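Right, I'll just put the structure down here and ask away after.
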Amino acid sequence: LIVVVGAGIVGLVSAWTLQQAGYEVLVVARELGQSSRVPVALLNPVRGKRGSVAFEATEALQALWGFYPRWLEVHRGILRPVPQQLRSGWEAKLAKLGSINHSWNEEGLYLKDAAWLYTAPLLEGLAKQLSVQIALVKHIEPGKLLLEDSVLKAQCIVYAAGASGAHLAGLGGRFTPGSVLITRDHFAIAKSYGVYAAGNCLGGSYLPHQSQYVPHSIQPAEINWLQDQGQQLLGYRPQYSGTWSGVRYRLDQDYLKPTAYGAALTGFGSAAFFYAPLYAQKLLEYIQHAV
Ligand SMILES: Cc1cc2nc3c(=O)[nH]c(=O)nc-3n(C[C@H](O)[C@H](O)[C@H](O)COP(=O)(O)OP(=O)(O)OC[C@H]3O[C@@H](n4cnc5c(N)ncnc54)[C@H](O)[C@@H]3O)c2cc1C
């Protein structure tokens with residue numbers, strides 16, 4: 001039996017991939033997703049305001065297009081309205097890698113193989129096809145998990161409990177709070193520069209990193225910041241009908257770490273939806289060979 005701790009995008013995609021390969025898998029989680037309940041997620045290979053191409057971007061794009069479309073509609077394309085003076089620098093980075101499908105137009109950089117999706121149907125669809133036990137994990141050790149009132153034995157345990165479970169894994173890392181406005185307008189083509197607008201969301205973070213997980217709720221200054229950034233991105237101040245807040249968890253690029261109990265798969269920052277299908281495949285290979 002493999003127990004996957006965590007039912008966010010990382011845990012669910014991993015559990016489903018292991019189950020498809022013939023393993024008996026149980027997901028144990030306090031609830032369905034935490035940070036993964038961000039209402040809309042971008043799948044974006046060209047990151048930030050510097051246009052860095054994500055590590056293993058080509059492989060991650062191939063894996064995600066092979067995975068997500070069978071679960072839900074994946075909305076193709078992200079427009080990055082890069083200021084004119086930065087465009088040659090961005091293009092040089094893209095040309096160096098050579099494999100990110102892109103074009104430039106007046107508005108900026110169009111990434112044809114990037115995408116966005118609504119997360120709720122994805123999490124729910126995956127969970128329906130898996131055994132999920134709702135329970136709080138107190139401690140993980142080789143061969144067993146301590147739950148609130150019982151002990152669960154497992155040959156191999158995979159930690160995928162994200163930011164909110166990070167104390168269980170003790171891997172350090174950075175925690176970045178952020179929020180999303182649920183907008184009255186709908187953005188069919190995702191736009192991202194500083195903040196992102198896609199579907200019914202406008203999201204981003206500017207708050208400082210923290211060294212431990214603290215649950216986040218939106219502050220009035222953050223609403224203002226998002227609306228100001230929205231004005232720059234969209235040309236008007238977007239109206240909103242609700243908000244969502246969460247915490248990103250970032251480790252170095254070593255997202256898959258061997259542990260005494262099995263493996264830890266976490267710390268993808270704001271790219272967990274981008275990397276989950278590729279790293280689920282890497283986890284499977286690791287378990288097939290090493291465990
Ligand atoms: C404002 C904002 C915008 C974002 N935008 C994007 C985006 O556009 N694209 C993108 O890819 N990512 C985005 N992210 C990041 C993304 O939301 C997270 O990185 C990702 O969802 C993490 O997934 P996860 O599966 O690792 O963890 P989570 O979704 O946090 O899941 C953790 C799971 O572990 C469980 N758990 C935790 N502790 C315990 C315990 N003790 N016992 C039992 N279960 C436990 C939880 O119940 C949950 O099921 C954004 C984040 C923020 C804050």
Side-chain angles (χ1 to χ4, degrees), residues 3-15 27-45 47 54 60 64 68 78 114-120 122-123 126-127 130 132-140 145-148 152 157-169 171 173-182 190 192 195-199 201-207 209 213 215-218 222 225-226 229 243-251 255-256 264-280:
V3 171
V4 175
V5 181
I9 192 61
V10 177
L12 293 172
V13 174
S14 299
V27 178
V28 178
R30 203 183 40 219
E31 63 199 318
L32 185 59
Q34 246 275 293
S35 304
S36 303
R37 294 207 306 260
V38 60
V40 164
L42 296 190
L43 311 171
N44 182 11
R47 319 284 313 166
L64 70 87
Y68 293 134
I78 298 181
W116 64 271
L117 50 77
Y118 284 113
T119 61
L122 178 59
L123 301 181
L126 281 160
L130 291 161
V132 181
Q133 180 178 339
I134 296 297
L136 179 73
V137 176
K138 294 285 213 184
H139 185 66
I140 307 175
L145 291 166
L146 307 186
L147 307 183
E148 259 185 316
L152 186 60
I157 298 166
V158 175
Y159 172 88
S164 60
H167 59 283
L168 294 171
L171 298 171
R174 298 200 311 256
F175 299 80
T176 316
S179 297
V180 155
L181 301 181
I182 312 297
S192 165
V195 290
Y196 69 90
C201 282
L202 176 81
S205 335
Y206 71 100
L207 295 166
H209 305 309
Y213 173 75
H216 180 55
S217 35
I218 197 162
E222 221 180 331
W225 179 83
L226 282 166
Q229 294 285 315
T243 64
W244 176 90
S245 293
V247 177
R248 294 174 169 141
Y249 179 40
R250 179 113 182 106
L251 290 170
Y255 304 127
L256 172 59
L265 190 57
T266 192
F268 295 94
S270 53
F273 284 83
F274 182 68
Y275 282 118
L278 176 65
Y279 272 78

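Worth saying up front: this structure is predicted, and the values here are computed from it rather than measured. One is the number of the first residue; the rest follow in order along the sequence. Whatever order the structure lists ligands and atoms in, that order sets their numbers, starting from 1.
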Below 4.5 Å, heavy atoms only, C-beta onward: do V137 and L147 meet side chain to side chain?
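V137 vs L147: side chains touch.
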Tell me whether the rings of F273 and Y68 are parallel (<30°), tilted (30 to 60°) or perpendicular (>60°).
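F273 vs Y68 ring planes: tilted.
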If we ignore angles and hydrogens, is there a donor and acceptor under 3.5 Å between the side chains of Q34 and Y249?
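Not at all, the side chains of Q34 and Y249 share no donor-acceptor pair under 3.5 Å.
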Y275: side chain to side chain donor-acceptor pair (under 3.5 Å) partners, not counting sequence neighbours:
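Partners of Y275 by the side chain to side chain donor-acceptor pair (under 3.5 Å) criterion come out as none, since no residue qualifies.
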Quick one, list the residues around ligand 1 where some non-hydrogen atom comes in under 4.0 Å, by chain and residue number.
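Its neighbours under 4.0 Å (heavy atoms only) are G6, A7, G8, I9, V10, A29, R30, E31, G33, Q34, S35, S36, V38, A41, L42, A135, L136, V137, A161, G162, S164, G165, L168, G178, S179, Y196, W244, G246, V247, R248, G269, S270, A271, A272, F273, F274, given by chain and number.
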Given S179, which partner from the list L202, L226, L207 fulfils the side chain to side chain contact (heavy atoms under 4.5 Å, CB included) test?
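The side chain to side chain contact (heavy atoms under 4.5 Å, CB included) with S179 is passed solely by L226 among L202, L226, L207.
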Quick one: does S164's side chain get under 4.5 Å of R30's, heavy atoms only?
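Sidechains of R30 and S164: in contact.
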